[in-house]
Amino acid sequence: MDALLSTPIAYLKGVGPQKAQILQEELGIFTFQDLLFHFPYRYQDRNNFNTGSQISSEDNYVQLKGRITHISEAGSGRNKKLHALFNDGSASIDLVWFQGHSWIKNKLNVLNEYIVFGKPKYYQNSWSIAHPELIKVEPGVILKGFESFYPSTEKAQRSGLGSKGISKLVINLLDQLNRQIPENLPPYICARLHLMSLVDALYEIHQPKSETNIKLAKYRLKFEELFFLQLELLLRKGNRDVQLKGYAIKEVGSVFNSFYKQHLPFELTTAQKRVVKEIRKDLSLGKHMNRLLQGDVGSGKTLVALLSLLLVIGNDLQGALMAPTEILANQHFIGISDLLKDLNIKVALLTGSTKKAERLLIHEGLLNQEIDLLIGTHALLEDSVQFKSLGLVVIDEQHRFGVAQRARMWRKNKIPPHVLIMTATPIPRTLAMTFYGDLDVSVIDELPPGRKPIQTIHRRENHREKLYAFIGEQLKIGRQAYIVYPLIQESEKLDFKNLEDGVVQLNSFFHPLGYSIGIVHGKMKSAQKDKAMQSFIDQKIQILVATTVIEVGVNVPNASVMVIESAEKFGLSQLHQLRGRVGRGAEKSFCILMTGDGISKEAQKRMETMVSSNDGFVLAEVDLQLRGPGDLMGTQQSGALALKIADLARDGQIVQLAREQARAVLNEDSVLKLEKNSLLNSTMKQILKSKPNWGRIS
Ligand code: ADP
Ligand code: MG
């Protein structure tokens, strides 16, 4: 870093040891550079005024210029209030203070002109502003154009480091720096994209001259932030591709071929074919594959995984398939064993409930390669599970596994096994590009033919009778139904009671009609769960009441109704996952979202989105807008990505541009050794040194 910019913040004019400490502890500002990159979150144009008569409830803040016409006090004791009637020539506005009246009262002067700034509220037929900001208009003094508002904390505020205090320090800093801020993007990139220079951008973002300059400055700084991130991801990926060797799967092999020709249960969709080809090519190259496979629920990822595993097994290596729940692992084991029954491939199942004796046999079978394919849960991660030659690990529904857990699979072999991560929770493109920017991504964007779209309906409690009648109709024509209850940690007791009450209610309605109800929830022993699931698959049970343990992967094509109780408690991706449990057969299916009456605006939006879209990628985009990237990706991953100015939910286009530009640079100069990229080279060296290597373990 530039020597001047790395100066400790305590050396800035106006910062003593005490303030320095607050800046560090509260705002993470240690150096000049940190303060320089502590950006305003909002600006107020001091020369741009609202008109009092045109204030609307849409206005978050208004700025008015006018005079105070009358001052009065109301109430007494702790309820004492100070009112000042303010008029801007178009309307009267009531300014109110609940505290500090006497001080303010002494300051106010009915002869002066003021600028008033604050949040308007409509109250008793007129607009009022509580605790407004007041600036006295001095005759002859021209107001500064834009005022910058800085993020701060309560504690910092108490030490004189609120927005105003920080603003003063920034002014000192910009003075002292005297525009000596080195550029860090090569001129050819700035010119190509018409970017503002870094020094201009930094001065403008703190002390803008115009609205347009604020936009240009932000754009430049966002681009820079995202560009270096993409450059980092692509460089890491490039390094890994060069350095990390994987098994080269040269042959297609006889198992793949005979399965493909003789045992494939259905013709692959075009998207499945394309992805299998991508994986085949990747595996043949001799580099290490680290691939993310995205595909909506029901798009047929399992078959793609199986074909990839067969490629590896046909080359005399072993494969592993890891699923997040026992139900899912069981289901994969049963389904895959069945598909492979005529081929000479040994498949084993390892989960938490595998008995010790069998487990030991499996350990042995893996070491002498009697077992070709191991399917299971987290149990696969245990150190005692060792392979003779593990060629490929497939991780199903990856979002259930943490980064560190996944990393453990890497250590199962001297040559790291190829990794295929599958997810049915589509990740918005911008997030995929940033969080998984160093993975290769395949997408199955097509559902197998013959699926009827699922009809989604949002209903409230007063529809319950009709709901039961509707379920009854579906059961009568031989279909089955899921009823899912949320079971959230904090309110588990209450939720559990809801589930139990629900079962009682369902029983009293459906039992007399001759239907049976089963239950599956996370607290049950695995054997019990399996039994209930199996009864549902065998159609001995018509209604399955469940918690979200059935969220991922479970496949019962005859089920045509999914009722989600208290649907407002679920996020969009979870709702979509649950909905994906139906619509798996050829029959028309239904998803009914049951909610209470008074749900939040955001929950309402979620319900509407579910009703209007069946597309996981569309839902993921909406989810990103509603919840933001941090919540979407989980804190563990978002921590790796502390963006200062770019917003992954809003700046998708800049992410895209940054990626294209980073790629273009590396295509021409893969290790940044050209003279024109020397600036990039030195910046990247620093970045790569200072951050943990996430690419290695994702
Ligand atoms: P997911 O991608 O959600 O894991 P699955 O692999 O469980 O989806 O597949 C969903 C269903 O679609 C399964 O019943 C599977 O047998 C079926 N399926 C997969 N591929 C095809 C295909 N090409 N044609 C018809 N059905 C298919
Ligand atoms: Mg699946």
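All residue numbers in this chain count up from 1 along the given sequence. Ligands are counted one by one from 1 in listed order, and the atoms in each one are counted from 1 as well.
Using a 4.0 Å heavy-atom cutoff, Glu267 is listed among the residues neighbouring ligand 1. The shell of residues lying under 4.0 angstrom from ligand 1, judged by heavy atoms, excludes Gly295. Contact analysis puts Ser299 in contact with ligand 1, with a non-hydrogen atom separation below 4.0 angstrom.
With a 4.0 Å heavy-atom cut-off, ligand 1 is reached by the backbone of Thr302 and by its side chain too.
Distances below 4.0 Å separate heavy atoms of Thr269 from the following atoms of ligand 1: 23 (N). Set against the non-hydrogen atoms of Leu268, the atoms of ligand 1 under 4.0 Å away are 23 (N).
Side-chain contact, Ser560 with Glu587: no donor N or O sits under 3.5 Å from an acceptor N or O. Using modelled atom types and a 3.5 Å distance limit, the side chains of Gln604 and Glu608 yield a donor-acceptor pair.
By the neighbour-count criterion of 12 heavy atoms within 6.0 Å, atom CG of Asn344 is sparsely surrounded, having that number or fewer from other residues, nucleotides or ligands. The number of heavy-atom neighbours closer than 6.0 Å to CZ of Arg650, taken from other residues, nucleotides and ligands shown, is 12 or below.
Between His288 and His418, the ring planes are parallel. Angles under 30° get that label, and only those over 60° would be called perpendicular.
For the side-chain hydrogen bond (donor to acceptor under 3.5 Å, both in side chains) with Ser442, the lone residue among Gln294, Lys301, Lys277, Arg291 that qualifies is Arg291.
The heavy atom nearest to atom 20 (N) of ligand 1, out of those in His332, Gln272, Gln577, Arg584, is found in Gln272.
Polar contact with ligand 1: present for Gly298 (N/O pair, distance under 3.5 Å). Between Pro448 and ligand 1, no pair of N/O atoms sits closer than 3.5 Å.
Under the 4.5 Å side-chain criterion, counting only non-hydrogen atoms from C-beta, Leu350 is in contact with Arg359.
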